[in-house]
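In what follows, a single structure is set out as structure tokens and then discussed.
Sequence lines set the chain letters: A, B, ... in the order given, protein chains first and strands last, and positions in each chain run from 1.
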Amino acid sequence: MAENNQYKHIPAEKFAFVQENQKIRDKKFETKPVGYFKDAFNRFKKNKGSIVAAWIVILLIVFSIVGPYCYDSNYQKAYATDIDLRRYQYLTPKLPLLEGTGFWDGTEVKEISETLYYRYLGIGIETGNEVIVDVLDKYTVQDSNGQKTMYKVRVDNYHKIDAFTKTFTQEQYEELQEWQNELGIQIIMPWVDYYDKNEAAGYIQNSKVLFKNINVWYQCDAKGTPVLDQNGNLIPHYRTYQAGQGPKDFYESIRIPGDPGIEDPESEMRYKYASVGGSKKTGYSFTVRINAHNYFIYKYGFEPYFLFGSSENGYDVFTRLALGARFSLMFAVLVSAINLVIGAFYGAAEGYYGGTVDIVLERIVEILSGLPTMVITVLFNLHLSGKVGAVVALLYSFILTGWIGMSGMTRMQFYRFKNQEYVLAARTLGARNLRVMFKHIFPNSLGTIITGSVLVIPGVIFSETSLSYLGIINLDSPTRSSVGAMLSAGHTVMTSYPHLVMFPAIFVGLLMVSFNLFGNGLRDAFNPSLRGVED
Amino acid sequence: MYLFKYILKRLGLVLLTFFVVILVCFVLVKLLPSKPTASFTQSQELIEARREKMGYNLPIIQQFYRFVKYGLQGDFGVGESIYVGSEVWEVFTSKLPYTVAINIYSTVLSVPLGLVFGVLAAIKKNKWQDHVISTGVMIFVSIPSFIYGFIVQYLLCFKLGWFPAIMDASQGAFSWVGFVSVIPAIICMSLGSIASYARSSRAELAEVLTSDYLLLARTKGLSRGQATVRHAMRNAMVPIFPSILGEFIAVMSGSLIIEQMFSIPGVGKLYVSAIKAPIPDYNFFMLLTCFYTLIGLVASIIIDISYGIIDPRIRLGAR
């Protein structure tokens with residue numbers, strides 16, 4: 001020993017390999033070495049439920065990425081500004097493949113009054129898009145006003161949207177007509193004789209009954225029952241240009257069958273297609289009666305169908321759900337990543353140093369964990385959402401206490417590993433504290449910590465959904481959506497439009513179950529004590 | 001003696017935590033702009049004068065002193081944007097029975113059912129009963145309660161019409177009418193608890209059933225049933241019982257959504273409406289913050305202490 005002391009630094013040439021020129025008698029492994037992660041993966045693969053759950057998670061992630069782009073970009077832009085979109089509200093889910101089957105095809109069985117029945121019939125005849133798909137039953141009920149005929153019918157919700165009036169500039173008006181001529185789809189319908197003052201339905205003028213509703217294009221009595229001609233057809237009730245008035249609506253496009261002026265556009269008995277305002281100086285404006293179904297095709301470029309139905313604002317539930325899902329997932333992953341980092345450092349410090357440091361840091365944790373999440377969220381929201389926006393405020397509030405679980409987990413792992421031989425060896429070799437912590441101990445606890453943070457994700461989504469369901473945070477806007485807000489909006493109209501709640505609820509349920517299954521599978525796979533138990 | 005010391009220590013810590021939490025929340029709330037609404041009966045000057053008298057214009061620390069001083073006497077001020085003019089404490093105590101009622105109902109339903117399912121699954125481990133129960137547990141534990149809230153409300157209340165869709169609170173919290181109308185809410189609240197009790201009791205019992213002393217009990221001639229009931233169950237209950245206690249206290253704060261959904265006029269609904277008012281009502285908010293913080297802390301301390309009382313190993317081992 002004494003002679004070793006003469007060197008302060010042992011020169012390199014004094015070192016020699018112990019085993020040099022000796023035969024190594026170790027047996028060579030014939031199988032491939034299986035590392036920690038490889039082993040965990042192998043065990044994960046054996047768990048059927050978790051594999052299925054992992055695929056469902058992947059599917060939901062793909063849905064949330066691709067979903068928002070599924071509809072035409074015109075329609076996407078329409079979210080923000082278009083007031084006409086509300087006309088397409090509360091449509092039932094429709095899958096074009098299933099058309100005519102009565103299931104998921106945008107139809108609905110309804111019990112309607114006779115007046116409404118004839119109105120739907122009229123819309124069908126006028127536009128060519130049948131509203132009443134099937135008449136299931138016709139019966140009479142007795143109420144205080146006497147006998148009433150009721151119909152039980154299957155109604156196509158996409159075709160029953162009422163016509164509406166809209167005012168265009170001359171350019172837009174001509175554009176519409178050009179489009180009509182090109183595609184042969186009629187948007188502009190002739191004006192109906194209707195009564196537009198605040199009066200109950202059935203106002204009588206010149207022995208004709210006029211309704212406030214511009215869908216009533218046929219003659220009828222005060223109850224709304226149509227007057228039929230001798231062939232049993234409806235008698236049209238359109239506005240015409242009487243002799244002397246002269247046509248000035250610049251309408252040079254498709255006319256509906258039966259228009260007396262169809263042969264001769266200059267005829268003075270032709271139907272009136274637009275109500276012209278303004279003058280040559282100021283520019284004309286044209287108020288026209290619009291077929292809502294076809295106008296949708298014109299405006300957004302595809303026939304209206306919504307896979308998951310449409311919401312109160314006429315938004316498509318499918319894309320909104322995908323938008324909300326994307327937000328929820330991204331938000332949850334972000335929260336869990338940030339919590340992982342903070343928790344790992346905090347827990348590492350606690351576990352590694354122990355003693356006073358641990359006690360002091362644990363007291364801080366204790367106080368923070370005493371704060372109810374709901375209170376934190378509300379305070380952050382009230383203080384910060386005006387300054388940095390609701391999303392960032394929510395992010396802060398989730399981070400403030402979210403890392404506590406992660407730090408506890410890391411702390412446990414550090415207590416477990418810090419007294420092991422390899423740590424001692426590393427320290428003997430002169431490794432500094434930080435190096436021992438993050439190069440030697442941390443990788444060993446990585447499996448547990450990562451699984452922990454996967455299991456955090458469904459928890460974050462759950463809190464975010466509940467908070468936005470309760471309306472404590474408001475994440476809903478034309479360009480952004482949240483699943484919780486969709487649920488809460490759908491809940492108010494659940495009796496009539498269950499689809500508004502059903503799809504978001506299915507999504508949340510599926511996400512929660514599959515994420516938990518997946519996370520549990522990961523946790524079991526990374527748990528060394530369960531190794532070999534199943535075999 | 002050790003236990004007594006331990007309880008004292010825990011209590012001290014809880015009080016400290018509670019104090020810090022309330023102080024922080026109070027300061028944060030007072031830093032928010034709080035403009036009084038002029039309702040049609042009161043003039044703005046009158047409100048301002050009253051707020052001056054209530055000490056709203058004092059420094060925050062003095063206000064906190066007043067808050068603690070009057071709060072200990074049960075005076076938390078009056079409602080300013082909801083329940084305008086009524087005592088906050090009185091409104092709160094009138095709401096409390098509803099929350100307590102649905103929690104008692106759901107605990108009474110979920111504890112026995114959860115234990116039965118859990119024990120059944122543990123006894124029939126790896127048979128079909130176990131698989132069915134475990135799958136159900138996985139699903140019901142994961143899905144948030146408001147999801148089956150929708151299903152229950154839609155099916156039982158709207159489609160079948162067995163129950164009213166919202167609670168009929170006209171005859172008080174503990175009346176028969178109130179109970180019947182609140183059954184859907186109880187079902188929704190219980191499903192998750194049943195599943196989590198079943199999960200924990202299955203895990204505990206399954207572990208105990210494979211232990212050596214149970215083998216000994218069987219060897220000395222006890223039947224399977226006797227051994228399970230007399231030896232295994234008692235030990236398996238050790239970690240479960242505290243969690244039942246804790247859960248019962250914690251669910252008081254966990255029924256926010258269910259209360260909202262079924263319009264139960266409880267504390268959770270009060271909290272949500274205090275926040276969602278056009279101008280949040282900070283007096284209600286502070287009282288309910290105290291309430292929820294206290295509930296959380298008390299739940300955790302009760303779990304800890306009851307562990308010590310129930311389990312002799314923990315009690316004696318500490319010496």
From CA spacing to verdict: salt bridge (Lys or Arg N to Asp or Glu O under 4.0 Å), A:Lys46, A:Asp524: CA-CA 11 Å; A:Lys46 276 189 201 146; A:Asp524 291 348; over 6 Å; no
Specify which of A:Met494, A:Met502, A:Arg363 makes the most heavy-atom pairs with chain B at under 4.5 Å. A:Met494
Side chain, backbone, both or neither: which part of A:Leu487 has a heavy atom under 4.5 Å from chain B? both
The interface call for A:Met374 against chain B, heavy-atom contacts under 4.5 Å, is both
B:Leu31 portion near chain A, given a 4.5 angstrom heavy-atom threshold: both
At a heavy-atom distance under 4.5 Å, which candidate from A:Ile506, A:Leu511, A:Asn520, A:Val501 has the highest pair count against chain B? A:Val501
What pair of heavy atoms forms the shortest contact from A:Gly370 to B:Leu297, and how long is it? CA-CD2, 4.1 Å
For the backbone of A:Ile472 and the side chain of A:Asn381, can you confirm whether one donor and one acceptor N or O come within less than 3.5 Å of each other? yes
Is B:Tyr271 close to chain A through its backbone or its side chain, or both, or neither, when contacts mean heavy atoms under 4.5 Å? side chain
Does A:Arg320 come within less than 4.0 Å of A:Asp476, counting only side-chain N to carboxylate O? yes
With chain B, the option among A:Thr495, A:Leu371, A:Leu470, A:Leu510 that has the most non-hydrogen atom pairs under 4.5 Å is A:Leu470
Answer with side chain, backbone, both or neither: which region of B:Phe285 has an atom nearer than 4.5 Å to a non-hydrogen atom of chain A? side chain
So for A:Val513, is it side chain, backbone, both, or neither that comes closer than 4.5 Å to the heavy atoms of chain B? both
Would you mind checking which part of B:Tyr154 comes under 4.5 Å of any heavy atom in chain A, side chain (CB onward), backbone (N, CA, C, O), both or neither? both
Answer key: most heavy-atom pairs under 4.5 Å with chain A among B:Thr135, B:Val141, B:Ile143, B:Leu294 is B:Ile143
Distance-only, no hydrogens or angles: does the B:Glu259 side chain make a donor-acceptor pair with backbone N or O of B:Gly268 under 3.5 Å? yes
So which atom in A:Leu329 and which in A:Leu60 form the shortest heavy-atom distance, rounded to 0.1 Å? CD1-O, 4.4 Å
What part of B:Leu28 is in contact with chain A, defined as an atom under 4.5 angstrom from a non-hydrogen atom: side chain, backbone, both or neither? both
Counting only heavy atoms from other residues, nucleotides and ligands, does the tally under 6.0 Å from CD of B:Glu207 exceed 12? no
Flag for A:Glu464-A:Ser328: side-chain donor and acceptor within less than 3.5 Å: yes
B:Phe150 ring center within less than 6.0 Å of A:His491 ring center: yes
Region of B:Phe158 that comes under 4.5 Å of a non-hydrogen atom in chain A: side chain
